[in-house]
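These notes concern the structure reproduced below.
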Amino acid sequence: MAVASPLGPVGERVPEVARIAVLRANALGDFIFVLPALDALRAAYPGAEIVLLGAPWHAKLWRDRPGPVDRVLVVPPAPGIRGPDPGEPERPMVAFLSAAREERFDVALQLHGGGGNSNPLVARLGARVTAGLRAEDAPPLDRWTRYVYYQHEVLRYLEVAGLIGAPATTIVPTLAVTDADRAEAARVLGEPARPRVALHPGATDTRRRWPAERFAEVARALVGDGYEVLVTGTPAEREVVDRVVAAAGVPVRPQVGTLSLGGLAACYAGCALVVSNDTGPLHLAAAVGAATVGIFWVGNMINTGHPLRGRHRPIASWTVHCPVCGVDCTPGIYPHRPGDGECPHRDSFVGDVPVVEVVEAARELLA
């Protein structure tokens, strides 16, 4: 029998649960959003082992880290699940599923998306009860809720946890920073002589990138205010980091691939502020307690903008037409509206966000 909770009905708790599988094998920001759902599972099933079905980087992140994940099983690359890491050896999915069934999962949750590819995988784990999301073209699980694109990601996954009797305990993702993380950050960055601010100008989707020259203007303003400014990026983002550093014209410290993910978490935890595009590091920074200013396309802000404003300022671009060809890029989700919703261009959709708004938000939080 369902009971009420602040986030809606909560389903019946599954009896005698010893082991829960949770499929979430995609990128950093995507994973941060499921942390409140994992916290809900831990509170509802305190004696159960929570096993994340994830990617190799999840296994590294959760090694010796306190939190709601007890263990990681790395899922082989598969369409709609995850791509292969560089140099990753091939592992047949059939062998993974055979080993997973030997785990004798009591519950298997699909927190991976609409379910077209992920629901069949979860159904083959052999769990007593399956639950998750379901888009219109996806097969059902034992318990499911509809996948609707525009919904905040944190609430989306909390609804799934609720299907198996795990009501929300928080809506704020939090990730523990370990002593090893802090030691690595201190070794790489040294002790700050002034308060630190980090800028992260990259994003995998170039449409979510605020122009590098504008990050450089923010860097100049904050260096002028007396802050030490780091510019972080992955090795694939070196070019955009270099552009920010060159355009800033003031001393800033580029950090490209110098820190592991844990070290980056500690770096951000030690910063007075992180200014970033809507990308994994922004959400990581918020999860480890940093104040943030995030630059969002309006659609992404609905799905991933931080819900609180005490220490977070998501700033939205309202662009919905491609800056190059003018195509309305919303009809793919709203098919009854005019336009085809797709175009081949990947120019920034957040270029209309003015520098002054970002600097004002940064100074307000730093004050």
Side-chain angles (χ1 to χ4, degrees), residues 22 24-25 27-43 46-74 85 154 169-200 227-235 237 241 252-276 279-292 306 308 310-312 365-366:
V22 178
R24 186 66 171 172
L28 173 61
D30 301 311
F31 179 72
I32 295 294
F33 302 134
V34 305
L35 288 170
L38 293 170
D39 289 334
L41 293 175
R42 170 59 67 227
E49 182 186 30
I50 298 176
V51 180
L52 177 68
L53 309 186
W57 73 265
H58 293 104
K60 294 178 183 177
L61 179 67
W62 285 102
R63 189 176 298 133
D64 301 322
R65 186 175 305 277
V69 174
D70 295 305
R71 184 161 51 96
V72 176
L73 286 182
V74 175
D85 283 7
V154 167
T169 59
T170 180
I171 62 168
V172 178
T174 56
L175 184 74
V177 178
T178 68
D179 289 342
D181 298 334
R182 296 185 187 93
E184 178 190 346
R187 185 172 64 253
V188 172
L189 301 173
E191 294 300 323
R194 297 168 288 158
R196 280 181 178 148
V197 171
L199 311 183
H200 190 89
Y227 292 92
E228 178 187 12
V229 174
L230 311 177
V231 186
T232 60
T234 67
E237 295 165 342
V241 170
V252 297
R253 296 181 62 186
Q255 300 295 319
V256 178
T258 58
L259 293 161
S260 70
L261 188 53
L264 185 66
C267 165
Y268 288 155
C271 285
L273 178 71
V274 175
V275 181
S276 173
T279 188
L282 173 68
H283 308 298
L284 174 67
V288 298
T292 67
H306 201 286
L308 304 183
R311 289 171 54 77
H312 305 285
L365 289 170
L366 289 167

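Keep in mind that this is a model prediction, so the values were computed, not measured.
Atom CZ of R65 and atom CZ of R63 lie 10.5 Å apart (nearest 0.5 Å). Note that CH2 of W62 is 9.5 Å distant from CD1 of I50, once rounded to the nearest 0.5 Å.
Here the side chains of L28 and H283 are not in contact, with every heavy-atom distance at 4.5 Å or above. Residues L199 and V197 meet the side-chain proximity criterion, which asks for heavy atoms closer than 4.5 Å. Contact check for E237 versus V256: no side-chain heavy atoms found under the 4.5 Å cut-off. Contact of the Y227 side chain with the L366 side chain is registered, since non-hydrogen atoms from C-beta on lie closer than 4.5 Å. Residues L189 and R196 meet the side-chain proximity criterion, which asks for heavy atoms closer than 4.5 Å.
Here the closest heavy-atom approach between residue P173 and residue P36 is recorded as N-CG, 3.7 Å. Scanning both residues, L230 and C267, for their nearest heavy atoms gives CD1-SG, 3.6 Å. Across all their heavy atoms, C271 and A290 have their closest contact at O-CB, 4.5 Å. Contact between V74 and A59 at its shortest, heavy atoms only, is CG2-CB, 4.2 Å. Between R42 and A48, the shortest heavy-atom contact is NH1-O, 2.9 Å.
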Tell me which donor-acceptor pairs under 3.5 Å the side chains of residues 257-264 have, and how far apart each pair is, sequence neighbours excluded?
residue, atom, partner, partner atom, Å
T258, OG1, Q255, OE1, 2.7
S260, OG, E184, OE1, 2.6
S260, OG, E184, OE2, 3.2
S260, OG, G262, N, 3.4
S260, OG, G263, N, 3.1

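Residues meeting the side chain to side chain contact (heavy atoms under 4.5 Å, CB included) test with A266, sequence neighbours left out: V177, D181, R182, A185. Partners of R253 according to the side-chain hydrogen bond (donor to acceptor under 3.5 Å, both in side chains) rule, which considers only residues two or more places apart in sequence or in another chain, are E228.
Test H312, R311, H200 against T292 for side-chain contact (heavy atoms from CB on, under 4.5 Å) and you get one pass: H312. The only member of I32, D39, L35 that meets side-chain contact (heavy atoms from CB on, under 4.5 Å) when paired with T174 is D39. Here the options are V172, L282, V154, the test is side-chain contact (heavy atoms from CB on, under 4.5 Å), and the partner is H306; only V172 passes. Of the residues D70, V22, L73, the one that meets the side-chain contact (heavy atoms from CB on, under 4.5 Å) test with V51 is L73.
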